[in-house]
Amino acid sequence: MASTPASTPPRYATHDVTNQPPPLAPYDAAEDPALLEGLRREGAGWAEQDVRLLGRRAGSAEAQEWGELANRYEPRLRTHDRYGNRIDEVEFHPAWHHLMRVAVGAGLAGAPWADERPGAHVARTAGGLVWGHTEAGHGCPTSMTYAAVPALRAQPDLAKVYEPLLTAREYDPVLRVPAEKPALLAGMGMTEKQGGSDVRTNTTAATPTTEPGVYTLRGHKWFTSAPMCDVFLVLAQAPGGLSCFLVPRVLPDGSRNTFRIQRLKDKLGNRSNASSEPEFDETVAWLVGPEGRGVKTIIEMVNCTRLDCVMSSATLMRKTLVEAGHHVRHRGAFGARLLDQPLMRNVLADLALESEAATTLTLRLAGAADRAVRGDAGEQAFRRIATAVGKYWVTKRGPAFTAEALECLGGNGYVEESGMPRHYREAPLLSIWEGSGNVNALDVLRALGREPGTADALFGELALARGADARLDAAVARLKDRLAGTDQAGARRLVESMALALQASLLVRHAPAAVADAFCASRLGGDWGHSFGTLPGGTGLDAILERALPDGG
């Protein structure tokens, strides 16, 4: 009996597969007008070609497979070698290393701090918005490396040694003496079981040695991501109070520092990234900044990582919108393409508004960060409050957004092979990491109470759109009234109002009229339901979808 050639798919009498979309990859993750316009507007137009190249690579079949493999084959902890020696190493699938090598090489770690061009931090954020289409977990070590540089500058002698290595564009995953490597990655160890976000209650103890600036640590951290990084910024209680320390995995003499990884976390999402519980026992550490000023030392680091939370949420929104748009463009039901069904168009347009608002705000925050580090006092004040506002709101919108995008695929989206469940599990992390919603809402109140210039900076930004939309003007007036009487219980409502007004202001000034009008009508004007897909009648759905979804709305 003749056999079927291996290259010919078998046919079965029961059914043929029809009405399924083709693979999305390859696609261009940078094909997003809101992203490219924001890149230019915030002073990094010079990076557009590199961002476009990275976007095409992110959407390639190869890079998309790396993301899938890095999550399917999760990191494995090896506490001992075959001879019984303690090694505390984490093994990653090769796909993880491929993702990291591209990310670091593209400048998504510490590189902007060594780039004197205005807009360097914006360019990095735009790169993250496109490369994040591959996989979210490996963004953790690149984000922490980026954020570690300004904190390390509180100790110039250490910064002189480590900053050139943290800002390099090479990826070297082998653990060895940091100063002998071409480049380094940094992690963080802040959270302990009894403290969580309340890091001042940390109990890890730091004991001075006879060598100035050198201490030994003893304690247990409950959550430390990317344990295979080269160096870590750690909070511990020194004689003078809570302080910041630099902890290398390998000491200058080549011996391993005591960094006992007790276990890797079994997390809801972000599973490609190893998060661990390390134990310190006579662990050698170098003081960063003055004793007792640990929180002040790391505050700049928090500003950076909070921006990356906003960026990553915006990336997830855009990625899942692209996936949903691709599916409905190629799938039919009830006699028409899903994309041509009026209700589906309303859902997609509503998601597109949310995605564009998130992306536009992300790039505005990146522009503020770039100008703030270059000495712009007004942008420093705006960044201080707007980053906390954006972190609260955009990351809160992420889970609802990804759930709705998943639903656009129906049952196809609920199966792991679609990739959508992985995105859905990732979304809640970004609201939790670097302070939950309550922590960020309270931080906004703290900024308003202690730094009056932050309110002036926020309302100065909103004033740039004054008179352009009556609904926005009314929302800003309500916000000013609410500002005077808000206490802790009303903090979330206040921050939500700030975020929506800020997003609307940016869209009114920079987005097409159809986008800005629909956003103001729904988010500010009250003509909106309680779920996506409830935009008011008369909304310019066609114009919104043509802008948001490439290759036909």
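For reference, positions follow the sequence shown, starting with 1. Being a predicted model, the structure only gives us computed values, none of them experimental.
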Working for side-chain hydrogen bond (donor to acceptor under 3.5 Å, both in side chains), residues T224 and S276: CA-CA 5 Å; T224 297; S276 67; 5.1 Å; no
Is E461 salt-bridged to R509, cutoff N-O under 4.0 Å? yes
Could you list the residues that satisfy salt bridge (Lys or Arg N to Asp or Glu O under 4.0 Å) with R200, not counting sequence neighbours? none
Check: P536 main-chain N/O paired with T539 side-chain donor or acceptor under 3.5 Å: yes
Which pair of non-hydrogen atoms, one from C309 and one from W433, has the smallest distance, and what is that distance? SG-CE3, 3.4 Å
As a quick check of understanding, evaluate side chain to side chain contact (heavy atoms under 4.5 Å, CB included) for R466 and D473, giving each step before the final call. CA-CA 6 Å; R466 184 185 297 131; D473 290 344; 4.2 Å; yes
Atom NZ of K160: over 12 foreign heavy atoms under 6.0 Å: no
I would like to know whether F382 and R364 meet side chain to side chain contact (heavy atoms under 4.5 Å, CB included); could you show each step before the answer? CA-CA 10 Å; F382 175 76; R364 175 65 183 95; 3.6 Å; yes
Pair E37 + R547, salt bridge at N-O below 4.0 Å: yes
Evaluate the side-chain proximity of E356 to L321: yes if any heavy-atom separation is below 4.5 Å, no if none is. no
Does the salt bridge (Lys or Arg N to Asp or Glu O under 4.0 Å) test come out yes or no for R471 and D527, once each step is laid out? CA-CA 11 Å; R471 294 158 299 194; D527 198 357; over 6 Å; no
Criterion side-chain hydrogen bond (donor to acceptor under 3.5 Å, both in side chains) on R318 and T359, from CA distance to verdict: CA-CA 8 Å; R318 180 63 190 171; T359 297; over 6 Å; no
Do R478 and S497 have side-chain atoms, one donor and one acceptor, less than 3.5 Å apart? no
Would you call D370 and R117 a salt bridge, using N to O less than 4.0 angstrom? no
If the threshold is 4.0 Å, N to carboxylate O, is there a salt bridge linking E48 and R52? yes
Verdict with supporting geometry, N270 and R425, side-chain hydrogen bond (donor to acceptor under 3.5 Å, both in side chains): CA-CA 8 Å; N270 201 251; R425 289 191 298 270; over 6 Å; no
Within the 4.5 Å heavy-atom criterion, are V394 and M317 side-chain neighbours or not? yes
For side chain to side chain contact (heavy atoms under 4.5 Å, CB included), just list the numbers for L479 and L494, CA-CA rounded to whole Å, side-chain angles, deciding distance to a tenth of an Å, and then say yes or no. CA-CA 7 Å; L479 178 59; L494 174 68; 3.7 Å; yes
Does R422 pair with E426 as a salt bridge, N-O distance under 4.0 Å? no
For W222, is the NZ or CZ atom of K265 found under 6.0 angstrom from the centre of its six-membered ring and inside 45 degrees of the ring axis? yes
Among D115, D308, T142, the one residue meeting side-chain hydrogen bond (donor to acceptor under 3.5 Å, both in side chains) with R124: D308
Does the pair E300/R153 count as a salt bridge with the N-to-O cut at 4.0 Å? no
Once the angle between the rings of Y215 and F245 is folded into 0 to 90°, is it parallel (under 30°), tilted (30 to 60°) or perpendicular (over 60°)? perpendicular
